[in-house]
Amino acid sequence: DVKVTQSSRYLVKRTGEKVFLECVQDMDHENMFWYRQDPGLGLRLIYFSYDVKMKEKGDIPEGYSVSREKKERFSLILESASTNQTSMYLCASSYRGQGGEQYFGPGTRLTVT
Amino acid sequence: QKEVEQDPGPLSVPEGAIVSLNCTYSNSAFQYFMWYRQYSRKGPELLMYTYSSGNKEDGRFTAQVDKSSKYISLFIRDSQPSDSATYLCATILISNFGNEKLTFGTGTRLTIIP
């Protein structure tokens with residue numbers, strides 16, 4: 001059974017803290033994605049990676065960075081958390097050439113106070 | 001203008017009714033069309049995936065694409081309370097590097113009333 005796991009379901013951080021969100025997939029997928037989901041705005045792509053050490057900006061990369069040192073792991077980093085980064089963060093993965101068929105993790109609800 | 005527009009609802013229908021969910025998109029370069037279902041406190045899961053204009057059926061679900069009018073629909077027949085979820089339409093644009101990026105609608109929250 002395919003599986004995408006995220007390091008935390010709920011996270012509370014303070015403004016200015018550095019935040020790490022981890023995502024691991026066990027399907028040997030080439031593509032990995034980070035989204036944030038907000039009411040009324042839907043799912044928005046922050047960054048994606050199509051190979052180890054490769055990354056591309058999505059629609060809203062400002063304030064975020066990513067790291068992909070191993071194929072199965074994709075990390076999202078908030079360098080200095082701000083209250084407007086309070087959101088649900090979703091990780092997904094897919095095979096190359098099958099980007100429409102993405103498998104999502106359960107999400108991390110991040111609150112920045 | 002958003003690339004993919006979707007009525008956020010909420011939509012409530014009685015059990016057994018036919019449900020119609022719709023999206024429009026603006027970019028004619030979009031090549032594939034998907035419907036994802038998201039239950040409360042879960043990540044989205046792929047429900048239907050289609051490429052060409054026309055209908056694709058899977059059990060009680062039918063996905064319809066009209067590329068000429070840039071309109072995509074999902075029909076649910078004999079709706080069940082277990083169909084209560086948020087439904088997200090999505091399209092995909094293959095970039096010049098062959099990297100695949102999904103564009104989602106905002107999602108429609110559907111409730112089936114027993």
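Each chain gets a letter, A, B and so on, in the order the sequences are listed, and its residues count up from 1.
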Next item on the list: Taking heavy atoms only and a threshold strictly under 4.5 Å, list by residue number the residues of residues 33-48 of chain B that touch chain A; give 'none' if the list is empty.
Entry: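 Hits under 4.5 Å: B:Met34, B:Tyr36, B:Gln38, B:Arg41, B:Lys42, B:Gly43, B:Pro44, B:Leu46.
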
Checklist line | Shortest non-hydrogen contact from A:Phe48 toward B:Lys101 | finding: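 So the two residues come closest at CE2-CD, 4.5 Å.
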
Margin query: Under a 4.5 Å cutoff for heavy-atom pairs, which residue among A:Gly100, A:Gly42, A:Gly107 has the most contacts with chain B?
Written below: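 Option with the greatest count: A:Gly100.
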
Item checked: Among A:Leu43, A:Leu45, A:Leu41, A:Asp38, residue most engaged with chain B (heavy-atom pairs, under 4.5 Å) ->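 Max contact count across the listed options: A:Leu43.
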
Next item on the list: Determine which residues belonging to residues 6-14 of chain A lie within contact range of chain B, meaning some heavy atom pair is under 4.5 Å apart, and list them by number or answer 'none'.
Entry: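 Contacts with chain B: A:Arg9, A:Tyr10.
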
Examine [X] and [Y] and state if one hydrophobic cluster contains both, with Ile, Leu, Val, Met, Phe, Trp and Tyr joined whenever side-chain heavy atoms are less than 4.5 Å apart.
{"X": "A:Val24", "Y": "A:Val4", "value": "no"}
{"X": "A:Met54", "Y": "A:Tyr64", "value": "no"}
{"X": "A:Val19", "Y": "A:Ile46", "value": "yes"}
{"X": "A:Leu110", "Y": "A:Phe74", "value": "yes"}
{"X": "A:Tyr50", "Y": "A:Val66", "value": "no"}

Note to self: Quick check on B:Arg109: does its CZ atom have over 12 non-hydrogen neighbours (other residues, nucleotides or ligands) under 6.0 Å away?
What the structure shows: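 Check fails, neighbour count at 12 or below.
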
Next item on the list: Tell me, please, which residues at least two apart from A:Tyr95 pass ring pair (Phe, Tyr, Trp, His ring centres under 6.0 Å).
Entry: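 Ring pair (Phe, Tyr, Trp, His ring centres under 6.0 Å) check on A:Tyr95 returns A:His29.
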
Notebook entry, point to check: For the atom pair OG1 (B:Thr106) and CD (A:Gln37), what is the distance rounded to the nearest 0.5 Å?
Noted result: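 Rounded to the nearest 0.5 Å, the OG1-CD separation comes out at 10.0 Å.
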
Margin query: Are A:Phe33 and B:Leu102 packed together at the side-chain level, in the sense that at least one heavy-atom pair is separated by less than 4.5 angstrom?
Written below: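 Result no, sub-4.5 Å side-chain heavy-atom pair not found.
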
Item checked: Pairs flagged by ring-ring contact (aromatic ring centres under 6.0 Å, His included) wherever residues 55-92 of chain B is involved - sequence neighbours left out ->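 ring-ring contact (aromatic ring centres under 6.0 Å, His included) check on residues 55-92 of chain B returns no pairs.
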
